[in-house]
Undergrad: 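Before we start, here is the structure in question, set down as structure tokens.
Numbers here simply count residues along the sequence, with the first being 1. Keep in mind that this is a model prediction, so the values were computed, not measured.
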Amino acid sequence: MVKYEEVPLDEKDARSKGDGSCSAEATATLVRHTSQLAKENLCREDSAIAVRDHEVSQIILKRNLTLAGGSSLVIGAIIGSGLFMLPDLIYMETSGSPFMSLTVWFVGGIVAFFGSICYAELATSINVSGGEQAYLTKMYCPLVGFLFVWTNTLILNPGGLAAISLYCAEYIVVNIQNGYSKNATELSNDLENQSPYIKGAFAILIVGIASLVNAISADLGDKMNQLFAVVKVAAIGVICSIGAYWLVKGEWSQFDTPYVAPNSTINGAINGLMLSMWAYGGWSFLSWVTEEIINPDRNVPLSLFIGISVVCAVYILFNFAIFCGPLIAHQMMDSPFILIYAKTAWGGWGWFFATFCILTATYGAVSSNTISTTRFYHACARDGHLPRALSLCLPSRSTPIVAIIFNFVCTAIYIILGKHAEAVVNTVMYAQWVYFVLVFVGLLLLRYKRPNMRRPFKAPLAIPIIQIILSLAMVLSPFFEKSVDDEDYFSDLAMKYGAVVGSIVTGVPFYLLCIYKRTRLGIFDKLSGDLVRGCKHLGFQ
């Protein structure tokens, strides 16, 4: 997926527009990005841009990610554990109304689609990898970009990847423990009482395999990612056909219920929408690898639109299918409901195919997240927001090997911490909506400040405004998750917003001591330089 090459600085304009290995938009991206920042007064002396350091090679990326690769990355990053974890939770939040549940999934897809339209404009006009880190730096200042990196690197990226891998490991252990012969209640108990050591070992193995594949070859990682995206969509399509099976048998009485259940609440609908938007999370990951996409003016928007459309269709059809069956009243409340659902319809074949579906979907998500996250670290390190060593690569393999190792270690730590880390991630996840607000507001600011800025794709004005409102609603959603009369209402608010504020505020002193050129400690430069030299001795460049 990524190719690296040494490019002399005086050849940065020597490439002509054409294919992925030789295009005008693939010209010495690293050098061009730095020069553009300088021209726009964004590359200030106080921003510790690592590319200025003579110890970091002038390594750039070739564009070789096609439309199929970009679409697969979007599909792979989004469709994971959320598709199997959340239908029962959303069903309960909407008080057992299939129509309301499907509406929540549809609205979540619309929000993701609108968000992808905004990101398509940003990714084609600010044509560098790093996503929000690059956008926020350009829109506001380096500190804001660094705070996004800080929150994602320390908590959200490794925590999210750990959660997906642990979910995948759960179903490996269930089958090892002969879960097929047990009923729903016994399966739920097994899931609750699984050994954290066995499950953690499998989860680390899963992340290790995905990391190894991407370390061996970037092209291999890309091809495997495309393969798993196709297989997971096809497998989920077969699961959806179970819904057709139940419809033929006349099992659709669940849709005789009212659109809005009598005991439905606004809080429940908001909670359901929040859960569905978590399931759609990952649509912004394509912006983390923008520099690697062939013809980004065309392929970035198309990859986002195709990917989100496929995901939205899969989610809605999957949820429609599970409502066309005899499970709703009781078995939707059990954790492994999709296994019971398939087993009820097709017996042993259905059980093992549902297991295959879960494993391919979750491993595919681990693979896509590994690709995008490691490129995010690579881009942030190159721009000085992470230690410079993370920008080093293994040229013979065309992989950002140091970032891959770093990502594996961080994720393994979160897997080992287990539920303690999960609680931290769940409370800090609201911070991402704060950054979404800043990105969408910044998009409008850029239009105002730089009306003549090159924009190959431009979102309708109403869409970023809608996204600002929706993102603000998500930021404020903890106020509506519970009733004010609940005993833990205010303590829950303090914990969630305290964690968000804490994750942001703690990044400021780190920025001042380790990143900001005028105040950072000399020992940080020494340690960073020693790490770079040590990695270079191992053959990384």
Side-chain angles (χ1 to χ4, degrees), residues 1-5 15-30 32 59-79 113 116-117 119-131 210 213-234 282-311 313-314 360 363-376 378-379 393 395 397-400 404 456-457:
M1 181 173 174
V2 183
K3 296 286 188 183
Y4 298 98
E5 63 174 351
R15 301 187 181 190
S16 59
K17 189 172 183 179
D19 60 20
S21 63
C22 184
S23 75
E25 293 170 348
T27 60
T29 306
L30 182 61
R32 184 184 63 184
I59 296 175
I60 66 168
L61 304 119
K62 281 184 179 178
R63 299 185 186 275
N64 70 335
L65 187 60
T66 62
L67 176 61
S71 301
S72 298
L73 185 65
V74 175
I75 294 169
I78 298 177
I79 300 179
F113 190 79
S116 68
I117 291 176
Y119 270 65
E121 175 177 333
L122 291 170
T124 53
S125 57
I126 306 174
N127 201 336
V128 294
S129 294
V213 168
N214 282 280
I216 291 173
S217 168
D219 287 334
L220 176 62
D222 179 31
K223 293 297 185 293
M224 291 295 293
N225 195 54
Q226 292 186 42
L227 174 64
F228 273 91
V230 172
V231 170
K232 79 164 71 174
V233 171
W283 49 265
S284 63
F285 286 3
L286 189 68
S287 65
W288 293 5
V289 297
T290 303
E291 293 173 21
E292 305 166 39
I293 300 175
I294 298 172
N295 190 8
D297 292 355
R298 170 184 178 271
N299 288 339
V300 167
L302 283 178
S303 295
L304 287 168
F305 300 160
I306 292 172
I308 296 296
S309 298
V310 170
V311 171
V314 166
T360 54
Y363 177 80
V366 170
S367 175
S368 293
N369 277 266
T370 299
I371 292 173
S372 56
T373 301
T374 53
R375 274 58 178 186
F376 173 76
H378 177 275
C393 319
R397 300 287 185 180
S398 302
T399 54
I404 291 174
F457 178 88

Undergrad: Distance check, rounded to the nearest 0.5 Å: Thr290 atom OG1 versus Asn299 atom CG?
TA: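 Rounded to the nearest 0.5 Å, the OG1-CG separation comes to 12.0 Å.
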
Undergrad: Checking Phe228 now: which residues fulfil side chain to side chain contact (heavy atoms under 4.5 Å, CB included) with it, not counting sequence neighbours?
TA: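 With neighbours one apart ignored, the set is Met224, Thr360, Tyr363.
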
Undergrad: Ser71: which residues meet the side chain to side chain contact (heavy atoms under 4.5 Å, CB included) condition with it, sequence neighbours left out?
TA: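 Side chain to side chain contact (heavy atoms under 4.5 Å, CB included) list for Ser71, sorted by chain: Leu67, Ser303, Ile306.
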
Undergrad: According to side chain to side chain contact (heavy atoms under 4.5 Å, CB included), who are the partners of Thr124, at least two apart in sequence or on a separate chain?
TA: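 Checked Thr124 against side chain to side chain contact (heavy atoms under 4.5 Å, CB included); matches are Asp297, Val300, Pro301, Pro456, Phe457.
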
Undergrad: Please report the closest heavy-atom contact between Lys232 and Ala365, naming both atoms and the distance.
TA: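 Reported closest heavy-atom pair: NZ-N, 3.5 Å.
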
Undergrad: Ala313: what forms a side chain to side chain contact (heavy atoms under 4.5 Å, CB included) with it, not counting sequence neighbours?
TA: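 Result, side chain to side chain contact (heavy atoms under 4.5 Å, CB included) vs Ala313: none returned.
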
Undergrad: So, the side chain of Gln226 versus the backbone of Ser72: is there a donor-acceptor pair under 3.5 Å, distance only?
TA: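 The answer is no, because no donor-acceptor pair under 3.5 Å joins these two groups.
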
Undergrad: Please test Ile293 against Leu286 for side chain to side chain contact (heavy atoms under 4.5 Å, CB included), starting from the C-alpha separation and ending with a verdict.
TA: CA-CA 9 Å; Ile293 300 175; Leu286 189 68; 3.9 Å; yes

Undergrad: Going by ring-ring contact (aromatic ring centres under 6.0 Å, His included), Tyr119 matches just one of Trp288, Phe113, Trp283, Phe285. Which one?
TA: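 The passing option is Trp283.
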
Undergrad: Would you say Ile308 and Ile78 make side-chain contact, with heavy atoms under 4.5 Å?
TA: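 Yes; the side chains approach each other to less than 4.5 Å.
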
Undergrad: Measure the CD1-CZ distance between Ile404 and Arg375 for me, rounded to the nearest 0.5 Å.
TA: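 Here the rounded value is 5.5 Å.
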
Undergrad: Can you name the closest pair of heavy atoms from Thr370 and Val366 and give their distance?
TA: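 Minimum heavy-atom contact is OG1-O, 2.7 Å.
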
Undergrad: Holding to side chain to side chain donor-acceptor pair (under 3.5 Å), I want the full list of residues that pass it with Ser368, two or more places apart in sequence or in another chain.
TA: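 With neighbours one apart ignored, the set is Asn225.
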
Undergrad: Begin from the C-alpha positions of His378 and Cys393 and carry the test side chain to side chain contact (heavy atoms under 4.5 Å, CB included) through to its verdict.
TA: CA-CA 9 Å; His378 177 275; Cys393 319; 3.5 Å; yes

Undergrad: Please report the interatomic distance CG(Leu227) to OG(Ser367), rounded to the nearest 0.5 Å.
TA: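 Atom-to-atom, Leu227:CG and Ser367:OG are 10.0 Å apart.
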
Undergrad: Report the C-alpha distance between Ile371 and Asn214 in whole Å, list the side-chain angles of each, state the deciding distance to 0.1 Å, and finish with yes or no for side chain to side chain contact (heavy atoms under 4.5 Å, CB included).
TA: CA-CA 7 Å; Ile371 292 173; Asn214 282 280; 3.0 Å; yes

Undergrad: What are the two closest non-hydrogen atoms of Ala229 and Ile75, and how far apart are they?
TA: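 Between these two residues, the closest heavy atoms are CB-CG2, 4.4 Å.
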
